[in-house]
Amino acid sequence: MVRRTVISGPLAVASALALAGCGLSDGSAPSGEQVDTSGEVTGTITFQTLQLSPTFDDYIEGVIADFEQQYPGTTVTWNDIPSDSAARKTNADAVANSLPDVMDLDTATLAPLARKDLVVDMNTAAADVKDDFVDTAWQSLTFGQASAALPWYLNTPILMKNSELLSEAGLAGEPDPAGYAELVEVSAKIAAATGKAGFQPTEIGLPCYLLSLGVPLVNDDGTKAVVNTPEAVAFIESLAELHRSGGIPADTVSAQQRGEIETFQEGKTAYLETGGSRLKIIEENAPAVYQQITLGKPLGVADEGTWLVTHGIAVPKASENLPTAVAFAKFLTSSANQLALAKQSSVFPSTTAALDDAFFQAKPTDLVTEARSIAADSLTDGTTIVRPASADAEFAAALWSAVQPAILGEVPAERALAEAERKLTTILEAR
Amino acid sequence: MPLVFVGPVLILQGTFLFTPLVNTFVLAFTDASTVGGGSFIGLDNFTALANDGDFWAAVGRTFAYLAVTVPVIVVLSTSLAILVNTSLRGSSVVRVLLFSPMVMPLATIAVMFQFVLDSDGLINEVLTGLQLIAEPVPFLSSSDLALFSLMLVTIWKGCALSTLITLAALQNVSEELDEAASLDGAGWLRRTWSVTLPQIRGTTILVGVLVSIAVLRVFAEPYIITGGGPGTSTETIVLYLFQKGVSPGTQAGYASAISLVLFVFVLAAAAVSWSLTRRSRT
């Protein structure tokens, strides 16, 4: 018994120390250091995308073949993963120091890598192509001073309207609401006339609504939340009033709310501000509602604040083949390659040259082409705004959670927003 | 020789069970994020946790959950087990119905209850149809009601396994004692209360402790049905941990500290079980 104790003691300590090392392993390039991305473009790299296979197999394989042909001696190994597992896999890969050389990431998944300075700063690595991109797209991938990824494909919303519901509310032929404040007013009228809701506010949407209304969300250096402003208070109070009158769906504030697309395709809401790609989903799920859809400009246009969703191409600093990885990232996001992708999908390119293509200015023939034209206009006329990088998914979740009791009328809007500001500042300070 | 049989299992356990456990312990003393890194910060995470009002509010909610669901599940499952164990007409049907929650994944149950409890869900439709209510009851969208609605789901799910365990114990109850009590003139209720229940006391305690441990770790119900809302009214300890460390938060060190505190709570529940089991044996 004594001998067993003698052996197991040091063994446990040794194991703990070994595991301690494991727990603290970093595996990244030293923080804040610039990495050298110049050198010969050759060798093998891995490239990871988010749920593009099998729909875009031909496109991706074609781009890879072109790259390998342009740079003899290179091999790109492509790997596609489901979008919903992107954050978990990326986090695990970062800890294990096995991030792919080139990654397609949304801003929420990119944010922790950028904050920890684990990815190449494209301001320096891709300075030669920086001016090719839409400025707001570039800015939306900028964390602090560094640009964490090259913008790839974009999306920006359009306004979908249920024309039958609007007719029922006596609003047929009326101009679209100009901005979110007017949307709230119109929703109250719709509720009074039809008993149906005007729109469904969402966790992801709320920071965008506030930003469009002139609420900065965070201070200049992203260290403090700024959400308790008169505009925000007025907007949340109006949502609370709408909740009482039925202008927004009753279950809006159960945090795991039914998706706003579901309530729209069930004919329970009159307006849905969303990406044009959702048209296809609605057509498949609710053909009757699809027939009633008419389109309008995004609400943020009125306040020059239409939101933008950007997917970026990032290269980890720890990549063992930085020159080839950066070269492939630039090749993939070139105007020609982006335009080719946009022509076979419902996303938008992030370079100004590609957006200028006649494809986006063509006369609309159906809802899909009309949606494309409306969204392309807001991308090129400078009405898209950059959501501060620190106002990410965690920020949106905490903000939404804090204002829910105010929308329910359980606490005053000002108190809820003050509480939100306190919580959000704590989150920002902990980063 | 025994090592040949136990060795592979020990290696597997060590790799997949104890390594993450020790890793969590180490991370709790660092400022690591979920993407790696982190340096030793001593007890800072625990100090922050002690002053974290949101965490203690989540602890309070979890213990309120515990205080309501555990007694209800224990009483309900014991009653159901006695009912099923009694040779009554139709008890076989009850048996099948009773165990159906056991074969359903928790995620399915949660989604099902979401549709049942929504403002335009089944219960509200029925109540409105019967003209018992004028306005839908906000089961999930009221800060006062949401936690109780989730408790209902946990009770519905939790009763099945607890009933099964209690039923197994009832099969071992001495029939002789029951017959003797019957000959002495004791009725069914008296026999159940004074003869049957004391004989399954150990199992009842075990069920209570198992349910307590499960409820301390409750996650799927608030995560899937309410996401912790409205506000933070249904945010439990594990949900708070998840939000801080997994998604969308990136505070792996802080989340590990929360999980260690939760570990202490669960350990305390297990200690109570051990102590009560020992006492019931003596």
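Every chain is numbered from 1 and lettered A, B, ... according to where its sequence line falls, protein lines coming before strand lines. Every heavy atom of this structure was used, including side-chain atoms; hydrogens, water molecules and symmetry mates were not.
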Is it true that, when you exclude [X] itself, more than 12 heavy atoms of the residues, nucleotides or ligands shown sit nearer than 6.0 Å to its [atom1]?
X	atom1	value
Arg422(A)	CZ	yes
Phe25(B)	CZ	no
Phe263(B)	CZ	no
Leu106(B)	CG	yes
Phe148(B)	CZ	no

Problem - Side-chain heavy atoms of Thr426(A) within contact of Asp54(B), under 4.5 Å - result: no
Problem - Beyond-backbone contact of Thr34(B) with Lys116(A), side-chain heavy atoms, under 4.5 angstrom - result: no
Problem - Ala108(A), part contacting chain B, at a heavy-atom distance under 4.5 Å - result: neither
Looking only at heavy atoms, which two atoms of [X] and [Y] are closest? And how far apart?
X	Y	value
Gln243(B)	Glu394(A)	O-OE2, 4.4 Å
Ala250(A)	Ser141(B)	O-OG, 3.8 Å
Gly36(B)	Val95(A)	N-CG2, 3.5 Å

Exercise for the section: Evaluate the side-chain contact (heavy atoms from CB on, under 4.5 Å) criterion for residues Leu408(A) and Ser142(B): first the C-alpha distance (whole Å), next the side-chain angles of each, then the deciding distance (0.1 Å), finally the verdict. Expected result: CA-CA 7 Å; Leu408(A) 284 172; Ser142(B) 154; 5.7 Å; no
Ignoring hydrogens and angles, tell me if any N or O in the side chain of [X] forms a donor-acceptor pair with the backbone of [Y] under 3.5 Å.
X	Y	result
Asn91(A)	Val35(B)	no
Glu410(A)	Ser143(B)	yes
Ser401(A)	Gly231(B)	yes

To the nearest 0.5 Å, tell me how far [X] [atom1] sits from [Y] [atom2].
X	Y	atom1	atom2	value
Lys244(B)	Ile427(A)	NZ	CD1	5.0 Å
Arg115(A)	Ser33(B)	CZ	OG	8.5 Å
Glu266(A)	Asp120(B)	CD	CG	7.5 Å

Exercise for the section: Go through the atoms of Ser256(B) and report whether side chain, backbone, both or neither lie under 4.5 Å from a heavy atom of chain A. Expected result: neither
